[in-house]
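The structure displayed is predicted, hence computed values, not measured ones. Order of appearance sets the numbers: ligands from 1, and atoms from 1 within every ligand. These values consider heavy atoms only, across backbone and side chains, with no hydrogens, waters or symmetry-generated copies.
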Amino acid sequence: MNTAHDLGRKVAAHAMSDEGMRRAVVAGVDTIEHGLGGSEATFRMMASKGVAYVPTLTQVEYYGIYFDHYVPGKTPPTAEMIDSERAFRLARSVGVTIASGSDVGVYPHGENGRELIEMVRYGMPAPDALIAATATDAAVLGEGERLGRIRPGFLADLAAVTGDPTVDIAAVRKVVFVMKDGQVAVTP
Ligand SMILES: [Zn+2]
């Protein structure tokens with residue numbers, strides 16, 4: 001941990017159980033991924049130490065599809081999905097910084113936008129979900145001075161969607177324009 005931080009690197013811990021999360025936080029990690037089992041005490045410690053939570057809600061849903069016969073919209077949520085919703089709501093209620101990461105690769109690339117939709121479904125206002133996936137993610141990665149906002153001097157990484165994602169978060173999946181480092185990558 002100290003060596004990583006001495007080198008200016010961030011440390012992420014993919015932890016599921018409360019004890020695993022607690023040990024990682026005490027050890028000094030910067031983020032906790034998954035965190036399904038997090039207790040109120042652990043989330044409060046994360047809030048006080050500035051450790052961000054990356055809830056990976058979509059990953060949990062896909063594990064249900066792959067391993068527990070979960071069918072979205074047809075079968076009830078799996079035990080892990082119930083745990084992840086509980087953890088997400090609890091973390092928000094005690095003021096943990098929420099970042100948005102997907103663990104994509106567990107499920108197909110290109111489906112990442114689903115994570116924001118899940119965050120809103122579990123009670124986060126759409127503008128907050130957008131901030132989690134942009135400005136907060138940039139800050140959590142130590143890149144808050146050049147990524148995650150539209151500002152003079154920041155990298156020209158932009159995406160445009162059809163619709164207003166601050167009203168209907170599902171619009172994040174309707175990408176019609178992408179600019180990366182000032183170069184147009186996708187255009188209508
Ligand atoms: Zn993971």
Within a distance under 2.8 Å of the Zn ion (ligand 1), the protein atoms of type N, O or S are His14 ND1, His34 NE2, Asp103 OD2
Residues Tyr53 and Ile32: closest non-hydrogen pair is CD1-O, 3.5 Å
Would you call Glu118 and Arg114 a salt bridge, using N to O less than 4.0 angstrom? no
**Prompt:** Would Leu36 end up clustered with Met46 when hydrophobic side chains under 4.5 Å apart are linked, directly or stepwise?
**Reply:** yes
For Pro76 and Tyr70, the nearest pair of non-hydrogen atoms, with its separation, is O-CD1, 3.4 Å
Paired with Pro55, the side-chain contact (heavy atoms from CB on, under 4.5 Å) test is passed by just one of Arg92, Glu115, Arg89, namely Glu115
Self-check item: Side chain Arg86, main chain Gly38, donor-acceptor under 3.5 Å
Solution: yes
